[in-house]
Enquirer: 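Dumping the structure here so I can ask a few things about it.
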Amino acid sequence: MSLDRSVTINLGGKERKIKFNALGVSQLERMLDDHNVYKMVNGGVIALGDLAKCLYVGLAAYDKKVTIQQVYNWMDEWLLDNSSESLQTLVIIALSKAGVFGFARKVLETENNTLEIEAPPDDEEAGK
């Protein structure tokens, strides 16, 4: 049985998947101020900038054209009506499914990990 390591979200008016693997986590750690994903997660509330970096790296696993600016724009729209806590939960689930914290198979076999994040499409995607 193939285990799905992705998490589905709705950003920019479109369903997208995020996924982390060892290479992606390494890239993420180079982007983080503390350079350590464990410190980021165990430090309590994850800063919005770090959440954006996580989303960027996770989205880039499927969409190499995504930009960090698009991610920030989608987050700006989404945060008008939602808290950042569910976004943080989404990122932690995606990192867990990647095996960052160990026991990935258990997480993958027991969780239904879909969280929708509603944000309108950006100008580029809307064809403007």
Side-chain angles (χ1 to χ4, degrees):
M1 177 175 90
S2 176
L3 299 174
D4 182 8
R5 291 180 165 230
S6 66
V7 174
T8 302
I9 63 173
N10 191 312
L11 284 173
K14 179 177 170 183
E15 281 205 354
R16 302 170 196 279
K17 290 186 175 195
I18 66 170
K19 179 175 80 169
F20 296 97
N21 57 24
L23 181 61
V25 170
S26 177
Q27 178 185 0
L28 175 60
E29 288 186 322
R30 286 191 302 273
M31 296 171 73
L32 297 173
D33 291 337
D34 283 339
H35 303 288
N36 188 315
V37 73
Y38 299 104
K39 284 183 182 179
M40 176 191 71
V41 171
N42 290 324
V45 176
I46 300 174
L48 287 178
D50 287 343
L51 285 174
K53 292 169 188 174
C54 290
L55 275 177
Y56 170 73
V57 171
L59 289 164
Y62 289 101
D63 179 3
K64 301 295 184 207
K65 293 181 181 179
V66 70
T67 67
I68 192 73
Q69 185 61 53
Q70 283 177 308
V71 172
Y72 276 109
N73 290 342
W74 294 332
M75 285 177 61
D76 284 342
E77 290 300 317
W78 181 75
L79 289 169
L80 291 173
D81 298 311
N82 302 281
S83 75
S84 62
E85 292 159 343
S86 58
L87 184 57
Q88 178 172 317
T89 300
L90 170 76
V91 166
I92 292 171
I93 289 170
L95 289 166
S96 296
K97 289 179 88 172
V100 169
F101 310 113
F103 302 104
R105 185 170 305 282
K106 184 175 182 179
V107 172
L108 292 166
E109 290 175 344
T110 60
E111 294 291 329
N112 177 6
N113 301 308
T114 300
L115 178 63
E116 290 192 0
I117 300 174
E118 298 292 338
D122 60 18
D123 291 343
E124 181 180 314
E125 288 193 342
K128 294 182 181 177

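Computed from a predicted structure; not experimentally measured.
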Enquirer: Name each donor-acceptor pair under 3.5 Å that joins a side chain in residues 36-44 to protein atoms two or more places apart or in another chain, with its distance.
Expert:
from, atom 1, to, atom 2, distance (Å)
Asn36, OD1, Tyr38, N, 2.8
Asn36, OD1, Lys39, N, 3.1
Tyr38, OH, Val100, O, 2.8
Asn42, ND2, Tyr38, O, 3.2

Enquirer: Apply side-chain contact (heavy atoms from CB on, under 4.5 Å) to Val66 and Leu55, showing your working.
Expert: CA-CA 10 Å; Val66 70; Leu55 275 177; over 6 Å; no
Enquirer: For the residue pair Thr89 and Ile92, establish whether any side-chain heavy-atom pair is separated by less than 4.5 Å.
Expert: no
Enquirer: Output yes when a side-chain donor or acceptor of Lys64 lies under 3.5 Å from a complementary backbone atom of Ala60, and no otherwise.
Expert: yes
Enquirer: Can you name the closest pair of heavy atoms from Ala98 and Arg5 and give their distance?
Expert: O-NH1, 3.3 Å
Enquirer: Compare all side-chain heavy atoms of Val57 with those of Ile18 and state whether any distance is below 4.5 angstrom.
Expert: no
Enquirer: After noting the C-alpha distance and the side-chain angles of Leu48 and Leu79, does the key distance pass the side-chain contact (heavy atoms from CB on, under 4.5 Å) rule?
Expert: CA-CA 10 Å; Leu48 287 178; Leu79 289 169; 4.0 Å; yes
Enquirer: Would you call Leu28 and Cys54 a side-chain contact if the rule is heavy atoms closer than 4.5 Å?
Expert: yes
Enquirer: Identify the two heavy atoms, one from Phe20 and one from Val91, that lie closest to each other, and give their separation to 0.1 Å.
Expert: CE1-O, 4.4 Å
Enquirer: If you round to the nearest 0.5 Å, how far is CG of Leu90 from OG of Ser84?
Expert: 12.0 Å
Enquirer: Determine which pairs satisfy side-chain hydrogen bond (donor to acceptor under 3.5 Å, both in side chains) with at least one residue from residues 20-30, sequence neighbours left out, and list them in order.
Expert: Ser26-Arg30
Enquirer: Cut-off 3.5 Å, side chains only: do Asn73 and Glu77 have a donor facing an acceptor?
Expert: no
Enquirer: Does any part of the side chain of Ile9, heavy atoms only, come nearer than 4.5 Å to the side chain of Glu15, both counted from C-beta?
Expert: no
Enquirer: Is the shortest heavy-atom distance from the side chain of Arg16 to the side chain of Tyr62 under 4.5 Å?
Expert: no
Enquirer: Would you give the length of the straight line joining atom CD1 of Ile46 to atom CG of Leu51, rounded to the nearest 0.5 angstrom?
Expert: 5.0 Å
Enquirer: Quick check: closest heavy atoms across Ser83 and Trp78, and the distance to 0.1 Å?
Expert: O-CH2, 2.6 Å
Enquirer: Decide yes or no for Thr67 and Gln70: does some side-chain heavy atom of the first lie under 4.5 Å from some side-chain heavy atom of the second?
Expert: yes
Enquirer: Answer yes or no: is there a side-chain heavy-atom contact under 4.5 Å between Val7 and Lys19?
Expert: no
Enquirer: Which pair of non-hydrogen atoms, one from Lys17 and one from Leu59, has the smallest distance, and what is that distance?
Expert: O-CD2, 3.7 Å
